[in-house]
Every structure is written in C-alpha cells, then in structure tokens.
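A short worksheet on the structure shown next.
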Amino acid sequence: MDYNGVQLGIDKLITTRTANFYLGTMVGYTDGDPNYKHGSGGARDINAGLYGSYIDNSGFYIDSIVKYTRFKNNFSVSDSVGQNVKGKSKTNGYSLSLETGKRFTIN
C-alpha cells in the first residue's frame, strides 16, 4: 500500500524566567492506495490536534499531544472464485500522548 500525506502545524513559544512553553495546533491529510491485484480501493484520513511542551531550565521536559482522526476506506475486489466483493467504512480515531524526561550531556 502506498501512502502520501501532509501535516502542518503552528505553535507559540511562551518564555518565563524558569521555563519555556510551546503550545500549538496541527492539521493533516493522508491518502492511501492499496494496489489490489484484482480490484481497487482507497484509504483516506483527515486529522487535527493540539500539542504542548514544557521545558524548564534544568532540562526537565513534558511533551503532550491530543489528536482526532477521521478514517475512510473503500474497496472493490474479486474473490478467489471471481465474485465481486465491495466494502466501505468510516471510523473515528482518538489519541493522547504524554512523554517526560530530562536532557543531559555526557562529557
């Protein structure tokens, strides 16, 4: 399956004496071509999300993302006895990611 997509985002840096905050939003689109041997189909999604990062002066950080995706796919193929089989679906996807850590250097 071949996939092509694009995702764009914009964010804002908020600086304090002790830390930096990045707050942003993103949107994206993906198109998929399943390349069936005896048929055709497609897969597409659109997505949108919010993200944020906190980085304090000691190197401690927290990254977070909340994302919504709307998936659509369809297919029309011949089965093993030559009969046509078709299908369509639409579904929603939700994701939440949280990462924390500390930056450090090794001399």
Quiz item: Side chains of S76 and N84: is there a donor and an acceptor less than 3.5 Å apart?
Solution: yes
Practice problem: Verify whether one side chain among N92 and Y68 offers a donor that lies under 3.5 Å from an acceptor in the other. | Solution: yes
Quiz item: Should S58 and K102 count as side-chain neighbours, where that means a heavy-atom distance under 4.5 Å?
Solution: yes
Quiz item: Distance from I65 atom CD1 to L96 atom CG, nearest 0.5 Å?
Solution: 9.5 Å
Practice problem: For L13, look at atom CG and say whether over 12 heavy atoms of other residues, nucleotides or ligands are found less than 6.0 Å away. | Solution: yes
Practice problem: Begin from the C-alpha positions of T18 and D56 and carry the test side chain to side chain donor-acceptor pair (under 3.5 Å) through to its verdict. | Solution: CA-CA 6 Å; T18 59; D56 73 16; over 6 Å; no
Quiz item: When you measure from the side chain of K72 to the backbone N and O of G42, does any donor-acceptor pair fall under 3.5 Å?
Solution: no
Practice problem: List the steps and the verdict of side chain to side chain donor-acceptor pair (under 3.5 Å) for D31 and Y3. | Solution: CA-CA 6 Å; D31 184 68; Y3 281 101; over 6 Å; no
Practice problem: Can you measure from OH (Y94) to NZ (K67) and round to the nearest 0.5 angstrom? | Solution: 14.5 Å
Quiz item: Roughly how far, to the nearest 0.5 Å, is the OH atom of Y29 from the CD1 atom of I46?
Solution: 9.5 Å
Exercise. Would you kindly say whether Y61 and E99 are connected by a side-chain donor-acceptor distance under 3.5 Å?
Key: yes
Quiz item: Between atom OG of S95 and atom CG of N47, what is the distance when rounded to the nearest 0.5 Å?
Solution: 8.5 Å
Self-check item: Criterion side-chain contact (heavy atoms from CB on, under 4.5 Å) on I14 and N20, from CA distance to verdict
Solution: CA-CA 6 Å; I14 301 167; N20 290 325; over 6 Å; no
Exercise. Enter the distance from N74:CG to R44:CZ here, rounded to the nearest 0.5 Å.
Key: 6.5 Å
Quiz item: Which atom pair, heavy atoms only, marks the closest approach of N57 to R17?
Solution: ND2-O, 2.8 Å
Quiz item: Is Y22 reachable from I62 through a run of I, L, V, M, F, W or Y residues, each pair having side-chain heavy atoms under 4.5 Å apart?
Solution: no
Self-check item: Side chain to side chain, R103 and I55, heavy atoms closer than 4.5 Å
Solution: yes
Self-check item: Audit row: Y51, D63, side-chain contact (heavy atoms from CB on, under 4.5 Å) steps and yes/no
Solution: CA-CA 8 Å; Y51 58 91; D63 290 329; over 6 Å; no
Quiz item: Same cluster for F21 and F60 if Ile/Leu/Val/Met/Phe/Trp/Tyr side chains link at under 4.5 Å?
Solution: yes
Quiz prompt | Heavy-atom check, side chain of V85 versus side chain of F75, under 4.5 Å | solution = yes
Quiz item: Ignoring hydrogens and geometry, is there a side-chain-to-backbone donor-acceptor pair from T25 to G49 under 3.5 Å?
Solution: yes
Practice problem: Quick one: pull up OG in S64 and CG in L98 and give me the separation to the nearest 0.5 Å. | Solution: 6.0 Å
Self-check item: Side-chain H-bond candidate by donor/acceptor type, N73 with S89, under 3.5 Å
Solution: yes
